[in-house]
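Everything below concerns the one structure shown next.
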Amino acid sequence: MRVLVTGGAGFIGSAIVRYLVGEERVQVLNVDKLTYASNLASVAPVSHDSNYALLKADICDPVRMAAAFADFQPDGVIHLAAETHVDRSITGSAAFIETNITGTYVLLEAARRYFENLSAKRRDTFRFLHVSTDEVYGSLGAEGMFTEETAYDPSSPYSASKAASDHLILAWHRTYGLPTIISNCSNNYGPYQFPEKLIPLMILNALDGKPLPVYGNGSNVRDWLYVDDHVRALFLILRRGQVGEKYNVGGRNEQTNLGVVERICELMDRFNPAGFSHRRHVCFVTDRPGHDQRYAIDASRLETELGWSAKETFDTGIEKTVRWYLDNRAWWESVRRGVYAGERLGLDGKRERPLAAVKRDAK
Ligand code: NAD
């Protein structure tokens with residue numbers, strides 16, 4: 001099997017590349033622009049494998065995308081390339097509109113022309129899986145969960161751009177018969193995640209004895225999924241999912257942001273004792289504008305139709321993740337020296353409240 005993966009040098013994409021090449025022996029072409037969020041060290045475990053190739057290219061480039069399909073002759077596509085950080089989308093949405101919407105359109109057109117020239121036999125099995133987010137559904141109150149029927153109601157420039165791309169994916173199926181499938185997943189975490197995202201940022205700040213800034217009052221709820229569980233779900237959906245359909249992916253692991261940070265502190269107290277509890281560094285900072293209150297995914301369809309279930313609980317997954325960052329300094333030290341040193345993003349000109357505004361006592 002030959003799979004064209006876009007964004008395979010990012011967090012989830014590199015996990016897919018390692019899994020497909022390393023465990024499933026699938027031939028992979030990784031199409032990635034290598035933006036600030038990419039890291040080729042994340043695909044190093046398989047980068048010398050004969051089943052792996054990298055194409056450094058922008059998905060917004062129609063000539064290069066057409067050539068990628070023609071040269072590689074994929075049996076399927078897993079499309080992950082995107083601008084992904086909500087905070088960055090607040091201060092600079094242009095790149096999100098360009099890559100997430102125009103880039104998806106360019107890729108769809110390249111896939112459509114390629115698909116139309118395939119033999120009938122190869123057309124039967126070709127699939128285009130678009131990897132999207134539960135953030136397209138907006139925010140929940142205290143009760144309920146997102147299902148595949150939940151109406152779209154995105155809040156941030158990031159989630160709006162992903163929602164737009166989901167609509168393009170469905171339209172290319174309905175209008176042109178391209179065999180597309182959409183997956184909408186909750187927050188991922190695990191090894192190799194870029195340290196601007198909540199969990200790695202908190203682990204590394206705790207390690208450095210820096211403040212652990214929690215947005216607002218920390219009560220926002222997210223449904224966390226360990227990245228390797230997501231990867232298994234995506235390969236299953238690519239092979240066995242129903243064309244023209246959507247699948248929600250989530251770990252049934254709802255946590256408040258403050259709960260996540262406190263759990264990381266407990267693990268850091270165990271694995272990296274500092275003589276005091278790391279909780280003393282937790283502080284509350286100005287909330288993210290448009291911050292959704294709660295996300296929760298109902299993954300019943302994926303569980304019952306395709307037999308998927310998450311292997312990791314939040315407790316097992318977060319422990320593995322904290323250990324990985326402690327054991328893999330070289331990976332994140334180069335990121336922190338280079339493109340991102342841990343600064344606050346996404347305030348859009350508003351002033352930060354002093355970190356000391358609400359400081360928690362050490363336990
Ligand atoms: P990431 O930011 O870690 O990686 C994105 C990758 O895409 C990078 O390697 C980057 O270089 C590449 N890229 C960006 N613009 C490109 C372009 N124009 N052309 C080619 N490559 C480009 O992202 P991630 O967290 O791994 O997320 C991957 C996908 O999964 C995204 O589509 C995201 O919306 C979706 N998703 C992520 C999460 C999550 O919690 N991280 C949850 C649900 C869905």
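Note that this is a predicted model, so its numbers are computed, not measured. We count ligands from 1, going down the list as the structure has it; atoms in each ligand are counted the same way. In what follows, every heavy atom counts, from backbone to side chain, and hydrogens, waters and symmetry copies are set aside.
Using modelled atom types, one finds a donor on one side chain and an acceptor on the other under 3.5 Å when comparing Y19 with E24. For the residue pair Y137 and N248, a side-chain donor N or O sits within less than 3.5 Å of a side-chain acceptor on the partner. Defined by atom type and a distance below 3.5 Å, a donor-acceptor pair is present between the side-chain atoms of N217 and S219. A donor-acceptor contact closer than 3.5 angstrom is absent between the side chains of D287 and N220.
Nearest protein heavy-atom neighbour of atom 28 (C) of ligand 1: L80 O, 3.6 Å. For atom 40 (O) of ligand 1, the closest non-hydrogen atom of the protein is N188 N, 2.8 Å. Atom 19 (N) of ligand 1 has its closest protein heavy atom at I59 N, 3.0 Å. Atom 21 (N) of ligand 1 has K33 N, 3.0 Å as its closest protein atom, hydrogens excluded (heavy atom only). Annotation: atom 10 (C) of ligand 1 to nearest protein heavy atom, T35 OG1, 3.3 Å. In terms of protein heavy atoms, atom 43 (C) of ligand 1 is closest to C185 O, 3.3 Å. Closest to atom 4 (O) of ligand 1 among all protein heavy atoms lies G10 CA, 3.3 Å.
Using cut-offs of 30° and 60° on the angle between ring planes, the pair Y295 and F146 is tilted. Classified by interplanar angle (parallel below 30°, tilted 30° to 60°, perpendicular above 60°), the ring pair H167/Y152 is tilted. Classified by interplanar angle (parallel below 30°, tilted 30° to 60°, perpendicular above 60°), the ring pair Y192/W324 is tilted. Between Y114 and F69, the ring-plane angle classifies as tilted under the 30° and 60° cut-offs. Using cut-offs of 30° and 60° for the angle between ring planes, the F126 and F115 rings count as tilted. Using cut-offs of 30° and 60° for the angle between ring planes, the Y189 and F314 rings count as tilted.
A donor-acceptor contact shorter than 3.5 Å links the side chain of S139 to the backbone of Q293.
Applying the salt bridge (Lys or Arg N to Asp or Glu O under 4.0 Å) criterion to R239, with sequence neighbours excluded, gives no partner residue. Checked against salt bridge (Lys or Arg N to Asp or Glu O under 4.0 Å), E333 has the following partners two or more places apart in sequence or in another chain: R329.
Residue-to-ligand polar distances keep N187 apart from ligand 1: every N/O pair is separated by 3.5 Å or more. By the 3.5 Å distance cut-off applied to N or O atoms, F11 is counted among the residues near ligand 1. Ligand 1 has no nitrogen or oxygen under 3.5 angstrom from a nitrogen or oxygen of V31. Residue contacts with ligand 1: A81 is placed with no nitrogen or oxygen under 3.5 Å of a nitrogen or oxygen of the ligand (distance criterion only).
The closest approach between a heavy atom of A95 and any atom of ligand 1 is not below 4.0 Å. At least one heavy atom of Y158 sits less than 4.0 Å from an atom of ligand 1. Every heavy atom of S183 sits 4.0 Å or more from the atoms of ligand 1. Within the 4.0 Å heavy-atom cutoff, G103 does not count among the residues contacting ligand 1.
When each atom of ligand 1 is checked for a heavy atom of S186 under 4.0 Å away, the hits are 42 (C), 43 (C). Close approach of ligand 1 to A9 (heavy-atom distance below 4.0 Å) involves ligand atoms 9 (O). Below 4.0 Å from some heavy atom of D58 lie the following atoms of ligand 1, by number and element: 17 (C), 18 (N), 19 (N). For ligand 1, the atoms closer than 4.0 angstrom to any heavy atom of K162 are 31 (C), 32 (O), 33 (C), 34 (O). Residue A82 approaches ligand 1 through these ligand atoms, each under 4.0 Å from one of its heavy atoms: 5 (C), 7 (O), 14 (C), 31 (C), 32 (O). If you number the atoms of ligand 1 from 1 as listed, the ones under 4.0 Å from a heavy atom of S132 come out as 43 (C), 44 (C). Shown in contact with A37 at under 4.0 Å from a heavy atom are these atoms of ligand 1, numbered in order with element: 2 (O). Taking every non-hydrogen atom of A57 and a distance limit under 4.0 Å, the qualifying atoms of ligand 1 come out as 19 (N), 20 (C).
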Problem set entry | Trace of the side chain to side chain donor-acceptor pair (under 3.5 Å) decision for D87 with Y215 | CA-CA 12 Å; D87 286 340; Y215 290 176; 2.6 Å; yes
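Of the listed residues (I12, T133, V227), the one carrying the non-hydrogen atom nearest atom 38 (C) of ligand 1 is I12. Relative to atom 2 (O) of ligand 1, the option among D32, T84, T99 with the closest non-hydrogen atom is T84.
A side chain to side chain contact (heavy atoms under 4.5 Å, CB included) with P191 holds for exactly one of F11, Y325, Y226; it is Y226.
Contacts of L34 with ligand 1, taken as heavy-atom pairs under 4.0 Å, involve the backbone alone.
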